[in-house]
Each structure stands twice: as C-alpha cells, then as structure tokens.
Amino acid sequence: MDLNNKIEKIGIVFAMKGEALATIHHFNLERINGNYPVELYGNAENKIVVSLNGTCSFTGVDNVGTQAATLNTYVLINEVNPDIVINAGTAGGFAHSGAKIGDVYIGTNRVVYHDRRIPLPKFDEYGIGNYGLINTDYLAKQIGIKQGIISTGNSLDYVDRDLQLMKMSNASLKDMEAASVAWVCQLLNKTFIPIKSVTDMVDGGIPTEVEFKANFNLATKNLNLKLIQLIDFIYQKTMEEIVSPEK
Ligand code: ADE
C-alpha cells in the first residue's frame, strides 16, 4: 500500500440487495455492466461503485457466503479497479464482547475463518486465514463506531467447534463474507475495510434466524448511515490520512 495514494474510487461489496439499497439511493447509483450474477451500481466516472453478489437463478434469493463474495470482489476489482474495497453487511455479535443489536463495527486487526477446519500441519493455519487489516483506530473514532475482529463462515448458525474457533480468534462478530473479500483484496493488492452491523447475538440464546429477521431493518439502517459517513470521510483522502499511525 502506498500511503500517498489518494482514494478516488471506492468499491463496496454487499451480499444482499436489501442491505445496499439506501447507499445506492443516497449516491444516485445506477446499474452498470457487471458479469452475471454480480450486479454493479456506479455514479459518474464510477467514483463510488456498489457491487452486489446478485441472485441465485434457482431459488431467487440473494447469493450469500464466501463463494459469491469471492466472485463479487474479483469482478468489482477487475472491472472498476477501485483504490479501496469496503465490505458492508450484517453480522452476528457476541454479547460477551459488548456487542448489541444495531451496533455498527469496523473490522480491526485481522479477519479470520471459523469453519475451515483442516487438522493437518500448516493447513490448520491456512484454514483460519488471518488476513491482516489496516489500522482502523482513527477511522473508528472519526465515524463513531466500534471495532472488532470479524470471523467468517458459510452458515448462519454454528457448530460447537466453530464457536471454539471464534473464541480462540477473539471474534466480536460472525459474518459470511469478510474473510473471502479480504483474501481477494490481498491477492490483488487492494486496501480492504469491513464494516458490519449486528442483527443477532451469537451467544444470546434466541434462534439466529428469528433475531436476524426481526432486526434486519434496524441494523441495515444503522449500517448505511455509518457506511455513508465512512465513504464521505475517506473520499479524496490519502491512505496516510485515514490509517492510524502505528504505536
Ligand atoms: N449475518 C447476520 N447475522 C449473522 C450470523 N449470526 N452469522 C453469520 N452471518 C450473519
């Protein structure tokens, strides 16, 4: 990452259309070409581009999870070449780490996986992923949001071993995309920032799907407010101006 690079093009990866609509409307984005199933929405000169995973042609639901997010991120970078990639979406939060329904978090430190269990030398480490992030302390303060480690898997629920791995990673949030977006950004040398809002408590005892549906609108509203603030804040700044100096 060149610290003097100005952020003039921002790409935002979303899984679900419902999560992205307020941002698409706010910036007056219109559908631009995107390889099926990925849907790209851009403004003049594509300074801000929202990229959706698109819908499943068999079931009609939004494509979610790491497979679709990997393709989405690749198509976005290949077609638009943004200076920075943001992954925005909803997540489960851990009450024991202080998360509450509707809270918005920016990722800190690293992004990991909790469902790639490969108990073989080196493959175990590969499975966890451990994709490093820029220091987001300054951004979190400026935008007024919490920071946390995000752990990614391909299920809305979890099995006991997932939970153990999330605890070992000190995760505050559980999502279904961030680590896969981080991987593509690492491969293609793009700065990556995840921002997530909490729909459900992973350790709260209520079935995830019940809480997810009940809180989706609130979490999405909060997510879009903070995402727009984040975009406005980083646009036209250099990397140096948004990254906290290392202590
Ligand atoms: N998105 C919203 N809630 C989630 C959860 N509990 N796990 C994974 N992704 C989520």
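Whatever order the structure lists them in is the order used to number ligands and atoms, beginning at 1.
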Testing the 3.5 Å rule here: is there a donor-acceptor pair between the side chains of [X] and [Y]?
X: N224; Y: T23; result: yes
X: T199; Y: N215; result: no
X: T66; Y: N154; result: yes

Check K6 with E8, please: is the shortest side-chain N to carboxylate O separation under 4.0 Å?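 Salt bridge: no.
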Do K237's NZ or CZ and the ring of F233 fall within the cation-pi criteria of under 6.0 Å and 45°?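 That pair qualifies as a cation-pi contact.
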Would you mind listing which atoms of ligand 1 come within a distance below 4.0 Å of any non-hydrogen atom of [X]?
X: G92; value: 2 (C), 3 (N), 4 (C), 5 (C), 6 (N), 10 (C)
X: T208; value: 6 (N)
X: F212; value: 2 (C)

To the nearest 0.1 Å, how far is [atom] from its closest protein heavy atom, and which atom is that?
atom: atom 2 (C) of ligand 1; value: T199 OG1, 3.2 Å
atom: atom 7 (N) of ligand 1; value: K174 NZ, 2.8 Å
atom: atom 6 (N) of ligand 1; value: D200 OD2, 2.8 Å
atom: atom 9 (N) of ligand 1; value: M176 CG, 3.4 Å
atom: atom 1 (N) of ligand 1; value: T90 O, 3.4 Å

With sequence neighbours left out, which residue pairs that include part of residues 64-108 fulfil the ring-ring contact (aromatic ring centres under 6.0 Å, His included) condition?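 For residues 64-108, and leaving out neighbouring residues, the ring-ring contact (aromatic ring centres under 6.0 Å, His included) pairs sorted by first residue read F94-H96.
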